[in-house]
Participant: 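Quick one: the structure is below, questions incoming.
Note that these values count all heavy atoms, side chains included, but never hydrogens, waters or copies made by symmetry. For clarity, every value in this text was computed on a predicted model and none was experimentally measured.
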Amino acid sequence: MAQERERGITIQSAAVTFDWKGYRINLIDTPGHVDFTLEVERCLRVLDGAVAVFDASAGVEAQTLTVWRQADKHKIPRICFLNKMDKIGASFNYAVESIREKLKAKPLLLQLPIGEGKTFKGVVDVVSKEKLLWNPNSDDGKDFERKPLLEMSDPELLKEITEARNALIEQVADLDDEFADLVLGEFSENFDLLPAEKLQTAVHRVTLAQTAVPVLCGSALKNKGVQPLLDAITMYLPSPEERNYEFLQWYKGDLCALAFKVLHDKQRGPLVFMRIYSGMIKPQLAIHNINGNCTERISRLLLPFADHHVEIPSLTAGNIALTVGLKHTATGDTIVSSKSSALAACRRAEREGEKKHRQNSEAERLLLAGVEIPEPVFFCTIEPPSMAKQPDLDHALKCLQREDPSLKVKLDPDSGQTILCGMGELHIEIIHDRIKREYGLETYLGPLQVAYRETILNSVRATDTLDRTLGDRRHLVTVELEAKSLETSSLLPVIEYAASVAEDLSQASREAIENGLHSACLQGPLLGFPIQDVAITLHSLVIHPGTSTTMISACVSRCLQKALKKADKQILEPLMNLEVTMTRDYLSPVLADLAQRRGNIQEIQTRQDNKVIIGFVPLAEIMGYSTVLRTLTSGSATFALELSNYQAMNPQDQSTLLSQRSGLS
């Protein structure tokens, strides 16, 4: 993407397929920025293994922790690659130490660098005791030589490497019993005789068990250390057969794939990225989407090579495919060959479940493990340059939403504005930029509106009569109702009928009444925000014969609005559950900042070396918080927000808000 080249960061995950020494590798590059965690989440969902890339001068950074936790959640084996070894201030030992300290992982050093910073020339392979030196004049890093370490040429390096190798063997033997038996049995006298292959298979087992992580180093700028990294990927990370996914046994070789990403192509329409778990995919194949419950046809099948795609005749399990022609498939959808195949899988799962005395619903959950989409934390309005461009903007937003499910677009029924809900300021900025570049629309972002809610505090009664004559029909409705506040939280009004009313109500009138009440609750009397936590009792209803249901709705709706206007009104504001993770040094400035934001701190926990503040903050006060927090803590703190509930505002804040909204302040 143009934005990625300008900013020098990854924004969208990109997939590429390539072959390396007889292995087919499907690689997905994911963003590291906090605003794009969804991209990481949905890619991790379909991966078998991961390479975590670190900056050797910075070690574990704030976002590294977040991504590492996501990988832990999906139980993904990983390799660590310490990049930028040629950067001034790069330190191999510091980076490894930070992996050990902050990530609580056990690093297995498979390589040591030759020189650091400006003097970085190459790496030494600890397992095979060879040194790899890159030609300083070659820009693409293809030109390098591999030499065994000899006693004559570099005795000190050999000594250091032998020590490192012995330490590695001991470390792996601690974690893997099979390897420990081998080492103690045959090679207890001299570790040097232990063949590299045996050590490699043991490291492979330990990596799969996720008890330790292999560490390699290099510099990606000139491709130094990239070839050994590719060898390590093929050697230590799992192949698709080595990952056992529980739901696969039900499919017995039928097609089962997960759509994890959608891209829009100007010529081809929506391109859907799929991970195939079992079976195979061919062009012109009809497939069934379980989540959308619809059947579609794949017109073409492509293999992604970064920004250009190669057409292929078929693709088997374990691969990542790009399909053209699927109009309704979205992120997280499970794709199978047909509806009957899904039902058969469901039945097999149920049979197994009965054997193991499991509930059946659990089996169904296994079939459809989708992608968790985080709740948006950032809101703003977007407007087209003129009303004539509104349909174009709607189309652009619809396409962007399919690509990026963490972007939500809502239409505000009160103001008629289009509201963007995203993961952060950068996220919204990129979306704005993409609409301009890819769809040619100059849009305007407006200030963010907080979705308040309203409720009432006491019980009120009202009566209303609607008497209209339209043509030769007389419509007459008289209604009496009572609205009172509910103790429990309920978004929709709880509707009850008095015994005298409930007896002779037809289904049509009942629906009309409920429609009327629901529509009256969409706009509250104070600021026009939706009303929640109310119970409505209909005490009497007199309907003149021949009155249309629309009139019943209108009368009930008007009567409820009348009642709400009389009541004591209260504004509820959205309260966010906030969890801020930072190092000890920054605890007091962050707490001081939260106090200014009307925050309510529940507890402060200690997690490893970090402090975690858990509390509630009103959404209105959290605008731009991500930027402020990063400034306060020089980028080291991370925070998670999710909507907790709505809470009554105190009278002082409520009057301030009302005067602001009515333009008096």
Participant: So, do L481 and L517 sit near enough that their side-chain heavy atoms are less than 4.5 Å apart?
Facilitator: yes
Participant: What's the shortest heavy-atom distance between Q596 and E621, and which atoms?
Facilitator: O-OE1, 4.4 Å
Participant: If you apply the rule side chain to side chain donor-acceptor pair (under 3.5 Å), what do you find for K611 with T583, and how did you get there?
Facilitator: CA-CA 6 Å; K611 287 286 189 197; T583 49; over 6 Å; no
Participant: Return the OG1 to CG distance between T478 and D464, rounded to the nearest 0.5 Å.
Facilitator: 8.5 Å
Participant: Quick check: does any side chain N or O of S485 sit under 3.5 Å from a backbone N or O of N458, one acting as donor and the other as acceptor?
Facilitator: no
Participant: Would you sort out whether M582 and L587 count as a side chain to side chain contact (heavy atoms under 4.5 Å, CB included), showing the intermediate values?
Facilitator: CA-CA 7 Å; M582 76 241 114; L587 186 62; 3.6 Å; yes
Participant: Whether D467 and R474 form a salt bridge (side-chain N of Lys/Arg under 4.0 Å from carboxylate O of Asp/Glu) is what I want to check.
Facilitator: yes
Participant: For L441, is there any backbone N or O sitting under 3.5 Å from a side-chain donor or acceptor partner on K389?
Facilitator: no
Participant: Return yes if some donor-acceptor pair links the side-chain N/O of E296 with the main-chain N/O of H328 below 3.5 Å, else return no.
Facilitator: yes
Participant: Measure the spacing between CG of L400 and NE2 of H432 and express it to the nearest 0.5 Å.
Facilitator: 12.0 Å
Participant: Side-chain contact test, heavy atoms from C-beta onward, threshold under 4.5 Å: evaluate it for H475 versus H544 and give yes or no.
Facilitator: no
Participant: Heavy-atom distance under 4.5 Å between the side chains of E482 and I536, does that happen here?
Facilitator: no
Participant: Using the side chain to side chain contact (heavy atoms under 4.5 Å, CB included) definition, which of the options T381, I382, T443, I435 pairs with L420?
Facilitator: I382
Participant: Please give me the minimum heavy-atom distance between A620 and Y452, naming the atom from each residue.
Facilitator: CB-OH, 3.6 Å
Participant: Can you label the angle between the H395 ring and the Y439 ring as parallel, tilted or perpendicular, going by 30° and 60°?
Facilitator: perpendicular
Participant: Can a salt bridge be assigned to the pair K398 and D394 using a cut-off of 4.0 Å between side-chain N and carboxylate O?
Facilitator: no
Participant: Decide yes or no for L505 and I513: does some side-chain heavy atom of the first lie under 4.5 Å from some side-chain heavy atom of the second?
Facilitator: yes
Participant: Mind checking the CD-CG spacing from Q70 to L44? Nearest 0.5 Å is all I need.
Facilitator: 6.0 Å
Participant: For V46, is there any backbone N or O sitting under 3.5 Å from a side-chain donor or acceptor partner on R275?
Facilitator: yes
Participant: Do the side chain of K75 and the main chain of A71 share a donor and acceptor less than 3.5 angstrom apart?
Facilitator: no
Participant: Taking atom NZ of K410 as the centre, does the number of heavy atoms from other residues, nucleotides or ligands within less than 6.0 Å exceed 12?
Facilitator: no
Participant: Are the side chains of R510 and Y497 in touch, meaning some heavy atoms are under 4.5 Å apart?
Facilitator: yes
Participant: Counting only N and O atoms by type, is there a donor-acceptor contact under 3.5 Å from the side chain of T329 to the main-chain atoms of L326?
Facilitator: no
Participant: How far apart are the C-alpha atoms of V262 and L271, what are their side-chain angles, what is the distance that settles it, and do they pass the side chain to side chain contact (heavy atoms under 4.5 Å, CB included) test?
Facilitator: CA-CA 6 Å; V262 182; L271 303 176; over 6 Å; no
Participant: Any non-hydrogen side-chain atom of C421 less than 4.5 Å from a side-chain atom of I419?
Facilitator: yes
Participant: Q390 versus T418: any side-chain heavy-atom pair under 4.5 Å?
Facilitator: yes
Participant: If we count only N and O atoms by modelled type, under 3.5 Å, do the side chains of S509 and S506 hold a donor and an acceptor together?
Facilitator: yes
Participant: Check the pair I431, H427 against side chain to side chain contact (heavy atoms under 4.5 Å, CB included), reporting the backbone distance first and the verdict last.
Facilitator: CA-CA 6 Å; I431 294 290; H427 185 200; 4.1 Å; yes
Participant: Okay, side chain of S655, backbone of P651: is any donor-acceptor separation there less than 3.5 Å?
Facilitator: yes
Participant: Do L658 and Q654 have side-chain heavy atoms sitting under 4.5 Å apart?
Facilitator: yes
Participant: To the nearest 0.5 Å, how far apart are CD1 in I543 and OG1 in T549?
Facilitator: 10.0 Å
Participant: Go through the steps to decide whether L476 and M551 satisfy the test side chain to side chain contact (heavy atoms under 4.5 Å, CB included), and finish with yes or no.
Facilitator: CA-CA 8 Å; L476 174 62; M551 292 296 175; over 6 Å; no
Participant: Validate the cation-pi geometry between R598 and F616: distance from NZ or CZ to the six-membered ring centre under 6.0 Å, angle to the ring axis within 45°.
Facilitator: no
Participant: Looking at every non-hydrogen atom in both residues, tell me the closest pair between A563 and A462 and how far apart they are.
Facilitator: CB-CB, 3.7 Å
Participant: Would you confirm whether E454, through its side chain, and I571, through its main-chain N or O, come within 3.5 Å as a donor-acceptor pair?
Facilitator: no
Participant: Nearest 0.5 Å please: distance from the CE atom of M649 over to the OG1 atom of T656.
Facilitator: 7.0 Å
Participant: What heavy-atom pair brings L564 and P525 nearest, and what distance separates the two atoms?
Facilitator: O-CG, 3.9 Å
Participant: I need the minimum non-hydrogen distance between H539 and S500, along with the two atoms involved.
Facilitator: O-OG, 3.8 Å
Participant: How long is the span from the CD atom in E480 to the OG1 atom in T537, to the nearest 0.5 Å?
Facilitator: 11.0 Å
Participant: If every non-hydrogen atom of L632 is compared with every non-hydrogen atom of P589, which pair is closest and at what distance?
Facilitator: CD1-O, 4.0 Å
Participant: Any donor and acceptor pair, going by atom type alone, linking the side chain of R558 with main-chain N or O of T465 inside 3.5 Å?
Facilitator: yes
Participant: More than 12 heavy atoms of other residues, nucleotides or ligands under 6.0 Å from CD of E603: yes or no?
Facilitator: yes
Participant: For R473 and G546, indicate whether the former's side chain and the latter's backbone hold a donor-acceptor pair under 3.5 Å.
Facilitator: yes
Participant: Salt bridge check: are E429 and R434 linked by an N-O gap of less than 4.0 Å?
Facilitator: no
Participant: Would you indicate whether R69, at its atom CZ, is surrounded by more than 12 heavy atoms from other residues, nucleotides or ligands within a distance under 6.0 Å?
Facilitator: yes
